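The structure presented is a predicted model; accordingly, all values stated were derived computationally and were not measured.
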Amino acid sequence: MPEKKNSLCEESFFSDFYIKTIQSATNFAYYKSGDSDTALDLVQEAFAKIWENCSQIDYTKVKTYLFTTVNNLFLNSVKHQKVVLAFAKDTPPLDKTNQSPEYLLEEEEFKIKLQNAIASLSEAQREVFLMNRIDGKKYREIADILGISQKAVEKRMSGALKTLKEQIENI
């Protein structure tokens, strides 16, 4: 009989993997797509593919497989994503607070400027910027996840910051 080893087909191992990686995978998908609902869809579809192919995936390489799958699913839906992003950008959020109307207007204008500025970044710059500033990942971690050099991450971040500075005053 073959030796029993960690297998993704065992529910306990799959569940542990899911719990450990769902947040980082969702963040990665969000940085790629710019839409949280789409990010969740991409990640859930990627986990479904892992479960369907659990017997063919090496447990030690499953995290790489997950991120690659999320990236490939995103690339397959780029046209759809552009429509979703355009709609999300044009729809103002419903925010009911006790702030003054002037403050709310200024806040909304700043949010729009920021969203437009981030949306205007190249996909590579936006991805690196959000992974660093929102998820708190170090350049080395970002380089490993994206499969690029740390210098490339630094260059993308520099370009992103320069673009954002030019587009948003007093940030």
Side-chain angles (χ1 to χ4, degrees), residues 1-89 93 114-115 117-164:
M1 287 178 57
E3 181 182 317
K4 181 141 177 106
K5 59 182 181 178
N6 292 354
S7 169
L8 286 171
C9 294
E10 293 179 37
E11 192 173 334
S12 63
F13 290 115
F14 186 84
S15 178
D16 287 344
F17 171 70
Y18 180 87
I19 290 168
K20 289 177 184 175
T21 58
I22 183 69
Q23 187 63 53
S24 61
T26 302
N27 289 347
F28 177 73
Y30 177 74
Y31 302 151
K32 293 295 253 180
S33 68
D35 181 67
S36 59
D37 291 335
T38 302
L40 288 172
D41 290 344
L42 290 171
V43 172
Q44 291 303 323
E45 190 172 343
F47 275 110
K49 286 182 181 290
I50 290 172
W51 181 252
E52 290 168 5
N53 300 312
C54 63
S55 62
Q56 301 164 4
I57 302 170
D58 182 357
Y59 187 77
T60 60
K61 297 178 182 176
V62 69
K63 191 170 182 177
T64 302
Y65 184 89
L66 170 66
F67 282 94
T68 302
T69 302
V70 169
N71 189 49
N72 289 342
L73 288 169
F74 168 74
L75 293 175
N76 291 337
S77 65
V78 170
K79 286 183 182 179
H80 176 69
Q81 291 300 325
K82 287 181 181 179
V83 172
V84 171
L85 282 174
F87 178 76
K89 191 168 62 171
L114 183 60
Q115 287 175 345
I118 291 173
S120 73
L121 296 174
S122 70
E123 178 186 328
Q125 289 175 336
R126 181 177 66 237
E127 192 173 48
V128 168
F129 177 78
L130 292 173
M131 288 178 92
N132 177 258
R133 297 301 167 106
I134 303 299
D135 205 29
K137 295 199 180 298
K138 296 185 179 358
Y139 289 175
R140 178 80 258 146
E141 294 173 296
I142 296 169
D144 290 342
I145 289 171
L146 299 178
I148 59 176
S149 71
Q150 188 171 337
K151 280 288 187 194
V153 172
E154 292 170 4
K155 184 174 181 183
R156 289 178 183 183
M157 180 59 101
S158 174
L161 292 173
K162 182 180 178 189
T163 302
L164 290 174

Asks: Could you tabulate the donor-acceptor pairs under 3.5 Å formed by side-chain atoms of residues 137-149, not counting sequence neighbours?
Replies:
unit_1	atom_1	unit_2	atom_2	d
K137	NZ	D135	OD2	3.2
R140	NH1	Q150	OE1	3.3
R140	NH2	D144	OD1	3.4
E141	OE1	K138	N	2.8
S149	OG	A152	N	3.1

Asks: Could you tell me which residues satisfy side-chain contact (heavy atoms from CB on, under 4.5 Å) with A29, sequence neighbours excluded, listed by chain and number?
Replies: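 Applying side-chain contact (heavy atoms from CB on, under 4.5 Å) to A29 gives A39, L42, V43, V70.
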Asks: Does the side chain of L161 come within less than 4.5 Å of R133's, by heavy atoms?
Replies: yes
Asks: According to ring pair (Phe, Tyr, Trp, His ring centres under 6.0 Å), who are the partners of F14, at least two apart in sequence or on a separate chain?
Replies: W51
Asks: Would you call K151-E154 a salt bridge at under 4.0 Å N-O?
Replies: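 Salt bridge: yes.
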Asks: If you measure from CG on L114 to CD1 on I118, what distance do you get to the nearest 0.5 Å?
Replies: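 Those atoms lie 4.0 Å apart.
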Asks: Not counting sequence neighbours, list each pair that qualifies as a salt bridge (Lys or Arg N to Asp or Glu O under 4.0 Å) and has a residue in residues 11-31.
Replies: none
Asks: With heavy-atom distances below 4.5 Å as the criterion, would you say the side chains of V153 and E127 are in contact?
Replies: no
Asks: Between F47 and T69, is there a side-chain heavy-atom distance shorter than 4.5 Å?
Replies: no
Asks: Please enumerate all residues that pass side-chain contact (heavy atoms from CB on, under 4.5 Å) together with Q115, with sequence neighbours excluded.
Replies: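 For Q115, no residue satisfies side-chain contact (heavy atoms from CB on, under 4.5 Å) once neighbours in sequence are set aside.
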Asks: Would you check if L66 and V62 make a side-chain contact, meaning some heavy-atom pair closer than 4.5 Å?
Replies: no
Asks: Not counting sequence neighbours, which residues clear ring pair (Phe, Tyr, Trp, His ring centres under 6.0 Å) with F28? List them please.
Replies: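 Here the qualifying residues are F67.
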Asks: According to salt bridge (charged side-chain N to carboxylate O under 4.0 Å, His left out), who are the partners of K61, at least two apart in sequence or on a separate chain?
Replies: none
Asks: My understanding is that only residues two or more places apart in sequence, or in another chain, count here; which of them pass side-chain hydrogen bond (donor to acceptor under 3.5 Å, both in side chains) with S55?
Replies: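 Partners of S55 by the side-chain hydrogen bond (donor to acceptor under 3.5 Å, both in side chains) criterion come out as none, since no residue qualifies.
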Asks: Which residues pass the side-chain contact (heavy atoms from CB on, under 4.5 Å) test with S158, sequence neighbours left out?
Replies: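 Checked S158 against side-chain contact (heavy atoms from CB on, under 4.5 Å); zero matches.
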Asks: To the nearest 0.5 angstrom, please state how far the NZ atom of K63 sits from the CD1 atom of I50.
Replies: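 It comes to 11.5 Å.
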Asks: Could you measure the distance from the CD atom of E52 to the CD1 atom of I57? Nearest 0.5 Å is fine.
Replies: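 That separation rounds to 10.0 Å.
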Asks: Residues in ring pair (Phe, Tyr, Trp, His ring centres under 6.0 Å) with Y65, at least two apart?
Replies: none
Asks: If you round to the nearest 0.5 Å, how far is CG of N132 from CZ of R156?
Replies: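 So the gap between those two atoms works out to 13.5 Å.
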Asks: Would you say the side chain of I134 lies within less than 4.5 Å of the side chain of N27, judging by non-hydrogen atoms?
Replies: no
Asks: If I take atom OH from residue Y30 and atom CE from residue M131, how far apart are they, to the nearest 0.5 angstrom?
Replies: 14.0 Å
Asks: Of all residues at least two apart in sequence or in a different chain, which pass the side-chain contact (heavy atoms from CB on, under 4.5 Å) check with T68?
Replies: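 Partners of T68 under the side-chain contact (heavy atoms from CB on, under 4.5 Å) test: T64, N72.
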